[in-house]
K.L.:
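Shown below is the structure under consideration.
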2 protein chains.
Amino acid sequence: MWWMMIWPCASPCPSSSRQTVGTARKVTKDEEIFAEGDRAAYLYKVVSGAVRTFKLLSGGRHQIDAFHLPGDIFGIESGSEHRFNAEALGDATIIVYRRCSLEILASRDQAFANQVISSMMCSLEREQDHMLLLGRKHALEKIATFLLVLSGRLPKGGQINLPMSRIDIADHQGLAIETVSRSLTQLERKGIIEVPSYRRCIVLRDRAALQRLEA
Amino acid sequence: MWWMMIWPCASPCPSSSRQTVGTARKVTKDEEIFAEGDRAAYLYKVVSGAVRTFKLLSGGRHQIDAFHLPGDIFGIESGSEHRFNAEALGDATIIVYRRCSLEILASRDQAFANQVISSMMCSLEREQDHMLLLGRKHALEKIATFLLVLSGRLPKGGQINLPMSRIDIADHQGLAIETVSRSLTQLERKGIIEVPSYRRCIVLRDRAALQRLEA
DNA sequence: CGTGTTATTGACTTCATTCAAATTAGGTGG
DNA sequence: CCACCTAATTTGAATGAAGTCAATAACACG
């Protein structure tokens, strides 16, 4: 069955082990992990740092479909080629797994198979919510949503340490970088967030207000 | 495993049969098939007609994530609740299948299991392309893309018989209905398409020009 | 302590939306 | 078959939200 091949499998591993083994790889800021059209021979898990997957359009336009944080699996394809580009947001460590069938994967390492499917489902749901955002939300609503979603995925605490630049946020929310900046300023003026001098940190002062703005 | 339940299974079927059986259901224009928050106990296949799945936002805003045409399966969820609303675009016939595990499904009706997975993968890829469109394409590019994608999914021929209204197109492309109308007029003025007096029909006069506009 | 990159701010423009009106199509009942 | 009615679509004019261009400011880094 063709679809049996869409799932990853364990890479060759020592005799009796049922553990899935991958190879660790360190990547640096903006380093390409794979590109659109590349043969999809592997899939990837973020260990530390973060990764963006995106598509390109004429005129240098980008659309980042997702940010991948530690624990996330990315690069799963149903076809034989990657349909996105993937790059590290900053220095990052990822594990690379050889792709093969779900059957083999499931028989060798059920836990990893579950991780893969679970991760895929989460991505799918996030992407569906993201369509609503891209199609129908205003700039301020987009940024409010972005902050809330990200704060739910990152280690808890009153503040968010953005792993990505303003440009990345813009390319994810379908906005111009200036609009991202202006929206953040607007939220800060309203006392909803606070942006310390280190601009990649954002303190959530009033989560309820953000939720009201979300849409 | 929780994820085992995300897949549908055959509904109870006669003794020895390994065929998946569903119940046919006829729905009329704008009839609700399921709503956001409903328990996701079934999944659905379009036989004739077409279906929209969408999310709602404050202020009466809609985002249609997908149109489902004959052969398409929709309503698959990883959780226990539907995350979208589904309504018929016009009179339609759908088959309703009781949901259960992939294991059972695969053992009873491999062909149907493949159909389900294949359909899900297609939807996923379409949705990913759609994010690029929503986030980064201009009105005219959106409409050009829409026409090309739809013409590739509908029975071939020089013309497209739109199963949906202009409002539905607008809510799918993240545009206002007036912008949809104006973009179509613009394409017609350029001689790229032709819109007969029956406005739900669109004749593609110059597919190459559309592809150039796509982005 | 410069220096280059990243982010912010301001001024202006533009594309798409909104509001309003006109037109067309399709259905209904005489 | 026609006149009417309602809903869908198109068109026009004005507004507005976000984009672009340009300049400045603030960091982070060497």
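By convention in this document, chain letters (A, B, ...) are assigned in the order of the sequence lines, proteins followed by strands, and residues within each chain are numbered from 1.
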K.L.:
Do any N or O atoms of the protein come closer than 3.5 Å to N or O atoms of nucleotides 7-11 of chain D, and which pairs are they?
P.N.:
residue: dT9(D); atom: OP2; partner: Arg166(B); partner atom: N; Å: 3.2
residue: dT10(D); atom: OP1; partner: Arg166(B); partner atom: NH2; Å: 3.0
residue: dT10(D); atom: OP1; partner: Arg199(B); partner atom: NE; Å: 3.4
residue: dT10(D); atom: OP1; partner: Arg199(B); partner atom: NH2; Å: 3.2
residue: dT10(D); atom: OP2; partner: Arg166(B); partner atom: NE; Å: 2.8
residue: dT10(D); atom: OP2; partner: Ser181(B); partner atom: OG; Å: 2.7
residue: dT10(D); atom: O5'; partner: Ser181(B); partner atom: OG; Å: 2.8
residue: dT11(D); atom: OP2; partner: Thr185(B); partner atom: OG1; Å: 2.6

K.L.:
Could you tell me the separation between the CZ atom of Arg61(A) and the P atom of dC15(C), rounded to a whole number of Å?
P.N.:
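Value for this atom pair: 12 Å.
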K.L.:
Let me check the geometry of the helix from dC1(C)-dG30(D) to dG30(C)-dC1(D). What is the bend angle between the axes at its two ends, five pairs each, to 10°?
P.N.:
40°
K.L.:
Could you check how far CD of Glu141(A) sits from C1' of dA18(D), rounded to whole Å?
P.N.:
14 Å
K.L.:
Decide, yes or no, whether a salt bridge links Arg52(B) with Asp171(B) under the criterion of side-chain N to carboxylate O below 4.0 Å.
P.N.:
no
K.L.:
Please determine if Lys142(B) and Glu214(B) form a salt bridge, counting it only when a charged side-chain N lies under 4.0 Å from a carboxylate O.
P.N.:
no
K.L.:
From CG of Leu89(A) over to P of dT6(C), roughly how many Å is that when rounded to an integer?
P.N.:
13 Å
K.L.:
Could you check whether atom CZ of Arg200(A) has more than 12 heavy atoms from other residues, nucleotides or ligands sitting under 6.0 Å from it?
P.N.:
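Enclosed.
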K.L.:
Between Thr53(A) and Asp65(A), does any side-chain donor sit less than 3.5 Å from a side-chain acceptor?
P.N.:
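A pair is found: one side chain offers a donor N or O, the other an acceptor, under 3.5 Å apart.
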K.L.:
Will you find, in the side chains of Lys45(A) and Gln115(A), an N or O donor that is under 3.5 Å from an N or O acceptor?
P.N.:
yes
K.L.:
To the nearest angstrom, how far is His138(B) atom NE2 from dT14(C) atom C1'?
P.N.:
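Taking NE2 of His138(B) and C1' of dT14(C), I get 10 Å after rounding.
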K.L.:
In whole Å, I'd like the distance from the CG atom of Asp171(A) to the P atom of dA7(C).
P.N.:
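Whole-Å distance recorded here is 12 Å.
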K.L.:
Could you check whether Glu31(A) pairs with Lys26(A) (Lys NZ or Arg NE/NH1/NH2 to Asp/Glu carboxylate O, under 4.0 Å)?
P.N.:
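Here Glu31(A) does not pair with Lys26(A) in a salt bridge, since their nearest N and O are not under 4.0 Å apart.
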K.L.:
Could you state the NZ-P distance from Lys142(A) to dA18(D), rounded to the nearest angstrom?
P.N.:
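The answer, rounded to whole Å, is 8 Å.
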K.L.:
Could you tell me how the ring of Phe146(B) sits relative to the ring of His172(B): parallel (under 30°), tilted (30 to 60°) or perpendicular (over 60°)?
P.N.:
perpendicular
K.L.:
Counting only heavy atoms not in Phe84(A), do more than 12 sit closer than 6.0 Å to its CZ atom?
P.N.:
yes
K.L.:
Mind telling me whether Phe112(B) and Tyr97(B) have parallel, tilted or perpendicular rings, with 30° and 60° as the class edges?
P.N.:
tilted
K.L.:
Output the rounded distance in Å from CG (Leu187(A)) to C1' (dA7(C)).
P.N.:
16 Å
K.L.:
Whole angstrom is fine here: how far is it from CZ in Arg136(B) over to P in dG19(D)?
P.N.:
7 Å
